[in-house]
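For reference, positions follow the sequence shown, starting with 1.
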Amino acid sequence: MSQDDGHRDGSVATRDRSDDGMRRARGGGASELVTPGGRTAIADVVVAKIASMAAREVGGVHEMGAGMSRTIGSVKERLPGVAADPTQGVGVQVGERQAAIDIDLVVDYGASIPDLANAVRSNVIGQVEHMCGLEVVEVDITVDDIHLPDDDRAEPEQPTGPRVL
């Protein structure tokens with residue numbers, strides 16, 4: 001996962017997985033966010049919302065978030081006046097010119113997970129780069145669960161009358 005190491009020159013420190021050392025990657029070319037007229041800063045939550053919406057647009061994505069965050073999210077949704085978290089299942093790190101994104105998914109049964117992951121990755125990269133002008137250096141996807149058709153069925157109601165006569 002890439003990490004913004006706080007350097008003001010726009011470089012981003014990334015973990016080189018081959019030797020577990022840090023290397024510095026320089027943002028390539030001119031960025032739409034850094035101009036002679038000034039800099040545009042984009043908050044992490046903005047990138048997370050865009051990535052979340054882009055991931056949800058892909059057919060086969062049932063839900064987003066890992067088990068516990070989905071449970072907490074469903075409880076929050078039931079509380080009056082509390083809206084669902086639009087960034088559930090998405091983590092981002094945003095530098096001056098680059099972003100790295102982590103996504104947790106629940107996929108529908110029958111969907112090809114490699115094809116779905118590629119489609120989500122492509123859509124997220126396209127939307128974030130288009131809307132934010134950031135170079136997306138990686139999109140890591142974790143499939144946490146698979147949604148089965150039986151999961152939508154309600155539990156059969158138990159009779160409420162006496163059990164014995």
### Query
Mind checking whether Val136 and Val46 sit in one hydrophobic cluster, side chains of I, L, V, M, F, W, Y counted as touching below 4.5 Å?
yes
#### Entry: Cluster check Val139, Met53: I/L/V/M/F/W/Y, side chain < 4.5 angstrom
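Val139 does not cluster with Met53.
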### Task
Check whether the side chains of Asp144 and Thr142 place a donor and an acceptor atom closer than 3.5 Å, and report yes or no.
no
Would you compute the distance between atom [atom1] of [X] and atom [atom2] of [Y] and round it to the nearest 0.5 angstrom?
{"X": "Asp108", "Y": "Ile146", "atom1": "CG", "atom2": "CD1", "value": "8.0 Å"}
{"X": "Leu105", "Y": "Leu116", "atom1": "CG", "atom2": "CG", "value": "6.5 Å"}
{"X": "Glu96", "Y": "Thr40", "atom1": "CD", "atom2": "OG1", "value": "11.0 Å"}

4.5 Å side-chain heavy-atom contact, [X] and [Y]:
{"X": "Val92", "Y": "Asp102", "result": "no"}
{"X": "Val34", "Y": "Arg97", "result": "yes"}
{"X": "Asp140", "Y": "Ile103", "result": "no"}
{"X": "Val61", "Y": "Val107", "result": "no"}

### Message
With a 3.5 Å distance limit and no angle check, can you tell me whether Gln98 reaches the backbone of Leu134 through a side-chain donor-acceptor pair?
### Response
no
### Message
So does Pro114 get a backbone contact from the side chain of Asn118, meaning a donor-acceptor N/O pair under 3.5 Å?
### Response
yes
### Query
Among pairs that include at least one residue of residues 45-66, which meet ring-ring contact (aromatic ring centres under 6.0 Å, His included), considering only residues two or more places apart or in two chains?
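The answer is His62-His147.
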### Summary
Here the ring-ring contact (aromatic ring centres under 6.0 Å, His included) pairs for residues 98-137, sequence neighbours left out, are none
Among all residues two or more places apart in sequence or in another chain, which pass the side chain to side chain contact (heavy atoms under 4.5 Å, CB included) test with [X]?
{"X": "Ala41", "result": "none"}
{"X": "Ser52", "result": "Arg56, Met64, Val90"}
{"X": "Met131", "result": "Ile50, Gln127"}
{"X": "Ala117", "result": "Arg121, Ile141"}

### Query
Which heavy-atom pair separates Val120 from Ala55 by the least distance, and what is that distance?
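Closest approach of Val120 to Ala55: CG1-CB, 3.8 Å.
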### Query
Which atom names give the shortest non-hydrogen contact between Ala54 and Val124, and what distance separates them?
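Here Ala54 and Val124 meet closest at CB-CA, 3.8 Å.
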### Task
Report the C-alpha distance between Leu33 and Arg39 in whole Å, list the side-chain angles of each, state the deciding distance to 0.1 Å, and finish with yes or no for side-chain contact (heavy atoms from CB on, under 4.5 Å).
CA-CA 6 Å; Leu33 300 174; Arg39 285 190 290 205; over 6 Å; no
